[in-house]
Amino acid sequence: MKRLSLLACLTISLLSCDRDSDPFLIDTTRVGSLTKEIQINQLDSVFKGDSIVRKNSGNQFFNSTSEIEIFDKDGKPLLILEPIQQFDSTSTVGYIQIMDSRFQTAKGLNNASTFGEVVKNYEISRIENTLNSAVVFIDELNLYLTIDKKDLPASLRYDTDSRISASQIPDDAKIKYLMVSW
């Protein structure tokens with residue numbers, strides 16, 4: 001009996017460790033190996049073996065960004081990061097755009113998911129109507145996604161004043177952008 005109990009504990013322990021070490025899991029505190037506490041100057045150690053491309057546009061006095069693109073060893077885009085404090089290597093990451101569908105939540109939400117999968121698995125906090133997109137917020141994950149207005153009914157495509165409800169978005173609408181905001 002003790003042996004069976006020990007085996008069960010070991011199995012549960014190994015399974016939970018595997019989930020914690022999932023290099024593509026998105027949850028409230030991390031995206032893969034990237035956590036809320038990681039500073040920009042630590043990205044080389046977090047993404048060792050991957051390519052990091054820093055893109056600075058403009059300058060510090062005008063509208064500018066310091067986006068950081070992460071590519072895997074085969075050149076496939078993984079993530080686009082934007083620091084909370086622009087041009088500060090000690091800043092942490094504020095926004096993450098998910099580029100690779102291997103990054104997903106525990107319920108399987110990724111950038112290749114449909115709106116129907118979102119509704120089935122998550123509570124939508126709010127939907128904002130913008131010029132070209134419906135922005136869907138899932139507060140429980142600090143995550144938002146955009147649905148292109150081309151995928152919405154014609155009555156909503158050119159209207160930025162109307163409220164958009166989840167029931168107005170077709171289940172088969174594709175996610176255009178998947179973003180994590182810390």
Side-chain angles (χ1 to χ4, degrees), residues 12-113 117-118 121-128 130-148 174-182:
I12 291 170
S13 176
L14 287 174
L15 289 175
S16 67
C17 286
D18 183 45
R19 184 49 115 183
D20 289 341
S21 64
D22 183 348
F24 297 106
L25 180 66
I26 300 171
D27 67 22
T28 57
T29 61
R30 67 191 183 106
V31 174
S33 302
L34 184 65
T35 65
K36 288 180 164 187
E37 296 79 25
I38 300 289
Q39 295 179 349
I40 298 302
N41 60 12
Q42 297 172 309
L43 292 176
D44 289 332
S45 62
V46 174
F47 294 105
K48 54 184 170 245
D50 296 323
S51 296
I52 300 172
V53 177
R54 289 171 171 80
K55 296 180 117 184
N56 295 328
S57 64
N59 66 41
Q60 64 190 35
F61 301 108
F62 297 103
N63 190 12
S64 59
T65 63
S66 55
E67 281 186 350
I68 301 162
E69 296 181 26
I70 311 294
F71 297 87
D72 69 10
K73 63 181 183 281
D74 297 323
K76 183 177 181 187
L78 296 173
L79 305 167
I80 297 177
L81 314 175
E82 191 170 322
I84 290 174
Q85 184 64 43
Q86 301 293 326
F87 307 105
D88 179 0
S89 66
T90 62
S91 175
T92 56
V93 174
Y95 298 95
I96 304 165
Q97 182 179 347
I98 309 300
M99 303 297 291
D100 188 313
S101 60
R102 292 177 290 178
F103 285 97
Q104 61 183 350
T105 66
K107 295 179 183 177
L109 177 64
N110 63 36
N111 66 341
S113 296
E117 294 170 73
V118 174
N121 292 300
Y122 294 99
E123 181 178 331
I124 294 173
S125 307
R126 71 186 186 283
I127 300 173
E128 290 186 11
T130 68
L131 187 60
N132 296 316
S133 303
V135 182
V136 180
F137 292 85
I138 303 171
D139 288 349
E140 71 185 89
L141 290 173
N142 300 322
L143 182 142
Y144 64 95
L145 55 99
T146 61
I147 303 291
D148 196 310
K174 300 281 186 204
I175 293 174
K176 185 175 181 180
Y177 299 111
L178 182 62
M179 306 284 291
V180 174
S181 174
W182 286 332

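Just so it is clear, the values below take in all heavy atoms, side chains as well, and ignore hydrogens, waters and symmetry mates. This one's a predicted model, so the numbers in the text were calculated from it and none came from an experiment. Numbering starts at 1 and runs along the sequence shown.
Smallest separation of non-hydrogen atoms from S125 and D139: OG-N, 2.9 Å. Across all their heavy atoms, E82 and E67 have their closest contact at OE1-CG, 4.4 Å. When all heavy atoms of F71 and V53 are compared, the pair lying nearest together is CE1-CG2, 3.8 Å. The minimum heavy-atom distance linking Q85 with S91 is given by the pair N-OG, 2.9 Å.
Look at D100 and R102 and you find a salt bridge, because one of the NZ, NE, NH1 or NH2 atoms lies within 4.0 Å of a carboxylate O, short of that distance.
With rounding to the nearest 0.5 angstrom, the CD1 atom of I138 is 8.0 Å from the OG1 atom of T105. If you take CG on N110 and CG on L145, they are separated by 11.0 Å, rounding to the nearest 0.5 Å. Between K55 atom NZ and E69 atom CD the span is 4.5 Å, to the nearest 0.5 Å. We find the OG-NZ distance between S101 and K76 to be 5.0 Å, quoted to the nearest 0.5 Å. How far CG of L25 is from CZ of R30: 4.5 Å, rounded to the nearest 0.5 Å. One distance of note links OG of S181 with CG of N142; it measures 7.0 Å at 0.5 Å rounding.
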Kindly indicate, with the supporting measurements, whether the criterion side-chain contact (heavy atoms from CB on, under 4.5 Å) is fulfilled by N132 and D148. CA-CA 6 Å; N132 296 316; D148 196 310; 5.6 Å; no
Applying side-chain contact (heavy atoms from CB on, under 4.5 Å) to L81 and L34, what does each step give before you reach the verdict? CA-CA 10 Å; L81 314 175; L34 184 65; 3.7 Å; yes
Residues K36, T92; criterion side-chain contact (heavy atoms from CB on, under 4.5 Å); working and verdict: CA-CA 7 Å; K36 288 180 164 187; T92 56; over 6 Å; no
Between I98 and L143, does the side-chain contact (heavy atoms from CB on, under 4.5 Å) criterion hold? Intermediate values first, please. CA-CA 10 Å; I98 309 300; L143 182 142; over 6 Å; no
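Residue L178 forms a side chain to side chain contact (heavy atoms under 4.5 Å, CB included) with just one option from I96, N111, V118, and that option is N111.
A donor-acceptor distance shorter than 3.5 angstrom exists from the side chain of S45 to the backbone of Q42, with no hydrogens or angles considered.
Looking at Q86 and S66, their side chains do bring a donor and an acceptor atom within 3.5 Å of each other.
The side chain to side chain contact (heavy atoms under 4.5 Å, CB included) check on I52 picks up L43, D44, F47, R54, I68, I70, with sequence neighbours excluded. Contacts of Y122 classified as ring-ring contact (aromatic ring centres under 6.0 Å, His included), with partners at least two apart in sequence or in another chain: none.
Crowding of F137 atom CZ: a count of heavy atoms from other residues, nucleotides or ligands under 6.0 Å exceeding 12.
Residues T146 and M179 have side chains not in contact (no heavy-atom distance under 4.5 Å, counting atoms from C-beta outward).
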